[in-house]
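Numbers here are sequence positions counted from 1.
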Amino acid sequence: AGIIALALALGGCAATMQPHETALLQQSRYSELRQYMEPRVNSSDKNTTHDLFYLCFAYSKVRQYDQLFSCLDRLQRTIDRGDIRIYWFDFSASAVLMRAQAMIELGDYPRAVGYAESAIRLTQGDDTYPQMRIYALTAAGLAHAFNGDPIAASGFADQLEKVSADPVTSSDQYIGLARIYMALGDYARALGAIHRDDQGAAFRGLVDLITGASLAGESIFTYWQLPKEYIRSKALLESGDIGAAKKGYDDLLAKTGTRQSADLYWLILFDRGAIAEREGARGEAIGLYQRAIDSIEAQRASIPSEGNKIGFVGDKQQVYLRLVAALIAEGRIAPAFEYAEQFTGWIEHRRGHDQRRLP
């Protein structure tokens, strides 16, 4: 997030001298961030945008929807009262940005479009930090792509390309472009955007050295590196470079931050399972698919709205279908039947919900 720039301001200070919540965010330790921020927020009579942002962001990343939306309501109220800055950055768009991302995850793309375009309006001021503008354009591009409007999505990618970014925020710019291209199915351009970001590796290494992060075996850029390496691995997989994709996914699964990034974790497990299955390691694939479903179910259980639970199913159906097929191929009929029943229950629940909505 834009808060990463705080590390640069600290100059030669050790990474451990940063606010603890900043370090946890930088290292993608979102479960730990939630645990750290909840007591601070719950024990305070008057919460600040600073504290609520970090807590809401953690809920967003671990996909704890039953807590996220009430947290965003509180964050928006503090923003509406005029508490809009974290350090020297304008975070007035942060609540609607997180709502846009949540609506994308829950499959409510029209509402995602509305929230994203609200965020764009909120990031048009001269004093807006470029990173917030980058996030708003990315969310709008993704929302329109998933909502079936590739022309609008490409238009937001073009706007994102023109943002004047500094050496820190350029990573968000390139990752945003890659995410929009992936949503449009253009994996070659997604990989190209990631390669462009690779040019800043020397700068990031220098920053890690200055802040002392590298001395602790860490990086203040983990926040960017995890989604970047997922996009790279996914693009390589889709372009047929299976070996490189496999290595990328294995490296990601070895990182603590990946396990705490619910938005990425199930996707990585699913793709790695597909690679294992392609290589004939069906037993390994089954284990990976099961772990992906465990992550999906944990997220789904936290969704309070039945309508949103249904939308959440959308892009996750293939995990169940691939697992059931693999179990049947292994002769494991009983567990295959259990997962098939679970998946069928989703479909029947959706059919009943849709029928109730008919006039």
Side-chain angles (χ1 to χ4, degrees), residues 1-6 19-22 24-25 30 33-34 36-106 108-144 147 156 159-160 163 169 172 176 223 263 302-305 307-308 311:
I3 214 69
I4 301 294
L6 174 64
H20 188 54
E21 61 269 28
T22 302
L24 291 174
L25 185 150
Y30 302 119
L33 178 60
R34 174 184 60 80
Y36 179 71
M37 294 306 301
E38 279 182 335
R40 285 179 54 170
V41 168
N42 294 336
S43 63
S44 174
D45 294 331
K46 184 178 181 181
N47 297 127
T48 63
T49 288
H50 176 284
D51 286 349
L52 286 167
F53 167 78
Y54 277 102
L55 180 58
C56 294
F57 194 81
Y59 287 146
S60 175
K61 283 297 188 177
V62 301
R63 297 299 189 254
Q64 194 170 345
Y65 296 105
D66 54 348
Q67 300 294 331
L68 172 62
F69 295 113
S70 60
C71 184
L72 290 175
D73 288 342
R74 296 167 70 185
L75 174 58
Q76 189 62 61
R77 286 195 292 271
T78 66
I79 290 170
D80 291 343
R81 289 197 298 266
D83 182 3
I84 64 171
R85 297 190 183 276
I86 299 180
Y87 303 105
W88 52 89
F89 302 130
D90 183 343
F91 270 63
S92 56
S94 59
V96 289
L97 274 171
M98 281 187 267
R99 287 189 188 277
Q101 184 59 48
M103 290 302 106
I104 291 171
E105 291 293 328
L106 296 173
D108 193 341
Y109 303 127
R111 290 181 71 189
V113 166
Y115 283 127
E117 293 188 350
S118 293
I120 287 175
R121 290 191 292 272
L122 288 167
T123 56
Q124 288 178 334
D126 292 337
D127 64 342
T128 297
Y129 192 61
Q131 206 153 9
M132 283 293 164
R133 182 71 172 174
I134 288 169
Y135 291 156
L137 291 169
T138 299
L142 291 171
H144 280 286
N147 201 39
F156 284 110
Q159 291 185 55
L160 181 55
V163 172
T169 58
D172 281 307
Y223 170 81
D263 52 337
S302 77
I303 301 173
S305 162
N308 285 338

Item to complete: Give a yes or no on whether a salt bridge exists between D108 and R99, defined as a side-chain N under 4.0 angstrom from a carboxylate O.
Response: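 No, no charged N to carboxylate O under 4.0 Å.
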Worksheet item: For K46 and T78, what are the C-alpha separation, side-chain angles and deciding distance, and is it a side chain to side chain contact (heavy atoms under 4.5 Å, CB included)?
Response: CA-CA 9 Å; K46 184 178 181 181; T78 66; over 6 Å; no
For the atom pair [atom1] ([X]) and [atom2] ([Y]), what is the distance rounded to the nearest 0.5 Å?
X	Y	atom1	atom2	answer
L97	S60	CG	OG	10.0 Å
L106	R111	CG	CZ	9.0 Å
T138	Q101	OG1	CD	9.5 Å
L52	R40	CG	CZ	10.5 Å
Q76	I79	CD	CD1	5.0 Å
C71	D66	SG	CG	11.5 Å

Distance-minimising heavy-atom pair for [X] and [Y]:
X	Y	result
V163	I134	CG1-CG1, 3.9 Å
S302	R63	OG-O, 3.1 Å
R85	D90	NH1-N, 3.6 Å
A100	A116	CB-N, 3.8 Å
E38	L55	CG-CD1, 3.6 Å
L25	L33	CB-CD2, 4.4 Å

Worksheet item: Do S94 and Y135 get their side chains close enough for a donor-acceptor pair, meaning under 3.5 Å?
Response: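 Not at all, the side chains of S94 and Y135 share no donor-acceptor pair under 3.5 Å.
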Worksheet item: Angle class for the F69/Y65 ring planes (parallel below 30°, perpendicular above 60°, tilted otherwise)?
Response: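 Parallel, since the angle between the ring planes stays under 30°.
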Discussion item. I need the single residue from D263, L142, N147 that forms a side-chain contact (heavy atoms from CB on, under 4.5 Å) with I104. Which is it?
Written reply: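 Exactly one candidate clears the test, L142.
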Fill in: Step-by-step side chain to side chain contact (heavy atoms under 4.5 Å, CB included) determination, M37 to D51
CA-CA 7 Å; M37 294 306 301; D51 286 349; 3.7 Å; yes
Worksheet entry | Chi angles and distances behind the side chain to side chain contact (heavy atoms under 4.5 Å, CB included) call for R34, K61 | CA-CA 10 Å; R34 174 184 60 80; K61 283 297 188 177; over 6 Å; no
Discussion item. Assess the residue pair I86 and T49 against the criterion (side chain to side chain contact (heavy atoms under 4.5 Å, CB included)); give the C-alpha distance rounded to whole Å, side-chain angles, the decisive distance to 0.1 Å, and a yes or no.
Written reply: CA-CA 7 Å; I86 299 180; T49 288; 4.1 Å; yes
Worksheet item: What residues, two or more places apart in sequence or in another chain, satisfy side-chain contact (heavy atoms from CB on, under 4.5 Å) together with S118?
Response: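 Once residues adjacent in sequence are excluded, the partners of S118 under the side-chain contact (heavy atoms from CB on, under 4.5 Å) criterion are R121.
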Item to complete: Using salt bridge (charged side-chain N to carboxylate O under 4.0 Å, His left out) as the criterion, list what pairs up with R74, not counting sequence neighbours.
Response: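 Listed in chain order: nothing, the list is empty.
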Worksheet item: Testing F53, Y54, Y59 for ring pair (Phe, Tyr, Trp, His ring centres under 6.0 Å) with F57, which one passes?
Response: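 In the set F53, Y54, Y59, the residue that makes a ring pair (Phe, Tyr, Trp, His ring centres under 6.0 Å) with F57 is F53.
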